[in-house]
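The next block holds one structure in the form of structure tokens; read it before the comments.
One is the number of the first residue; the rest follow in order along the sequence.
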Amino acid sequence: MISQIIATIGTFFSDPLSASLLLGDVIATLAVGIGIVLETPENPTFRQKSAMALVVIGVIAETICSVWLFGHDAAIISKQQTTIIELETRLAGRVLTKPEYDAIQTLRGKIPGVLLVVEPHCPECLNFSSQIATAFDHAGIKVFANFPETMEGGGGGCVYKSPYSDLTYATLSRGGFSFHSCGDEALKIWRINSPLPVIGVAGDDALPYPVKPYLGPSGQTVP
């Protein structure tokens, strides 16, 4: 705890305003103490000596407590900011990165099209699947979509066993997609029998960092 506060104080002093306020508080406290000590008579009585000792002790204690309090508050603020960033990260949702986009571009001319199966009641899934669709569109690959009402979240992403699925899964994996390779049981339940590779986009409990999605050199979006 002490080492954390000391480290936080160092970070705290990197802010000129905060450092100035803390330094001003310490200087003001010391000035008051020094002023009182200078007012002490040359031959003080025991009572005056006791009062001067209390002043000195109080000034030292107040200075230490002020620095400690500033450091403690700074540590709390830093922890709160970290928590806020973590929450924003989870709420931000998945985004398409450049390596993922580039991987999809390597499928140009290798597959006739792609079917995106998207969880319909998951806004984050719809947003992420639209980014994936953009990348496939830029690769000249026709994109189709299906939104099964019975599709449940928690799977993140999946390349279902279907024509061209092995090639598609291997390509997406090289690009950094955290998708699974799945069988075709779910496709049978949804009555999907596609001659195209099928990619499922469902809810994900662990969403990555909030950054702007990479949608190609010119940043086009799907109409």
Side-chain angles (χ1 to χ4, degrees), residues 84-223:
I84 291 173
I85 291 174
E86 290 176 352
L87 290 174
E88 289 178 341
T89 297
R90 291 187 61 82
L91 293 173
R94 290 165 289 184
V95 297
L96 193 71
T97 64
K98 188 177 187 303
E100 292 170 346
Y101 176 93
D102 291 341
I104 291 176
Q105 303 312 301
T106 65
L107 288 171
R108 178 185 295 272
K110 297 179 181 179
I111 59 177
V114 64
L115 172 61
L116 297 182
V117 180
V118 187
E119 184 179 348
H121 306 297
C122 172
E124 187 273 337
C125 304
L126 296 171
N127 179 57
F128 188 42
S129 62
S130 70
Q131 297 170 29
I132 296 175
T134 297
F136 276 108
D137 181 69
H138 291 175
I141 299 172
K142 187 68 175 178
V143 181
F144 301 88
N146 193 299
F147 305 91
E149 285 292 332
T150 57
M151 190 173 188
E152 298 181 355
C158 190
V159 179
Y160 293 99
K161 188 64 178 177
S162 55
Y164 303 96
S165 61
D166 291 341
L167 171 61
T168 303
Y169 176 72
T171 301
L172 297 184
S173 297
R174 285 196 301 271
F177 280 92
S178 58
F179 285 5
H180 308 286
S181 178
C182 305
D184 60 355
E185 292 80 7
L187 298 182
K188 294 177 181 177
I189 295 175
W190 300 326
R191 297 181 180 179
I192 295 176
N193 184 17
S194 174
L196 305 175
V198 180
I199 300 175
V201 182
D204 192 346
D205 296 330
L207 303 180
Y209 46 86
V211 297
K212 184 178 180 181
Y214 185 81
L215 300 178
S218 58
Q220 305 104 315
T221 58
V222 176

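Residues meeting the ring-ring contact (aromatic ring centres under 6.0 Å, His included) test with F136, sequence neighbours left out: none. Listed by chain and residue number, A103, T106, L107, L167, R174 satisfy the side-chain contact (heavy atoms from CB on, under 4.5 Å) test with T171 (two or more places apart in sequence, or in another chain). Applying the side-chain contact (heavy atoms from CB on, under 4.5 Å) rule to I189 yields no partners; only residues at least two apart in sequence or on another chain are considered. Remark: A186 engages Y160, W190 in a side-chain contact (heavy atoms from CB on, under 4.5 Å) (not counting sequence neighbours). By the ring-ring contact (aromatic ring centres under 6.0 Å, His included) test, F179 pairs with F177, sequence neighbours left out. For L196, the side-chain contact (heavy atoms from CB on, under 4.5 Å) partners at least two apart in sequence or on another chain are P112, F144, S194.
Among all heavy-atom pairs drawn from V95 and Q131, the shortest one is CA-OE1, 3.2 Å. Residues H180 and Y169 come closest through the heavy atom pair C-CE1, 3.6 Å. L96 and F128 get closest at one heavy-atom pair: N-CE1, 3.8 Å. Pairing each heavy atom of R94 with each of A202, the nearest pair is NH2-O, 2.7 Å. Closest of all the heavy-atom pairs between C158 and S181 is SG-C, 4.4 Å.
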**Message:** Does T168 form a side chain to side chain contact (heavy atoms under 4.5 Å, CB included) with V114? I'd like the steps, not just the answer.
**Reply:** CA-CA 9 Å; T168 303; V114 64; 5.5 Å; no
**Request:** Evaluate the criterion side chain to side chain contact (heavy atoms under 4.5 Å, CB included) for residue pair L172 and I104; output intermediate values, then yes/no.
**Result:** CA-CA 7 Å; L172 297 184; I104 291 176; 3.9 Å; yes
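Residue pairs meeting the salt bridge (Lys or Arg N to Asp or Glu O under 4.0 Å) criterion with at least one partner in residues 190-201, sequence neighbours excluded, are absent.
In terms of modelled atom types and a separation under 3.5 Å, the side chain of S129 and the main chain of V118 share no donor-acceptor contact. Checking side-chain atoms of Q105 against main-chain N and O of A135 turns up a donor-acceptor pair under 3.5 Å. E124 places no side-chain N or O within 3.5 Å of a backbone atom of G203 that could act as its donor or acceptor partner.
Atom OG of S130 is separated from atom CG of L116 by 10.0 Å, given to the nearest 0.5 angstrom. In this structure, SG in C122 is found 9.5 Å from CG in N127, a value given to the nearest 0.5 Å.
Put simply, the side chain of E149 reaches to within 4.5 Å of the side chain of H121, judged on heavy atoms. Inter-residue side-chain proximity for V159 and P197 is flagged as unmet; no heavy-atom pair is nearer than 4.5 Å.
Using a 4.0 Å cut-off between a side-chain N of Lys or Arg and a carboxylate O of Asp or Glu, K161 and D166 qualify as a salt bridge.
Checking each of L115, I192, N146 against L187 for a side-chain contact (heavy atoms from CB on, under 4.5 Å) leaves exactly one that passes, namely I192.
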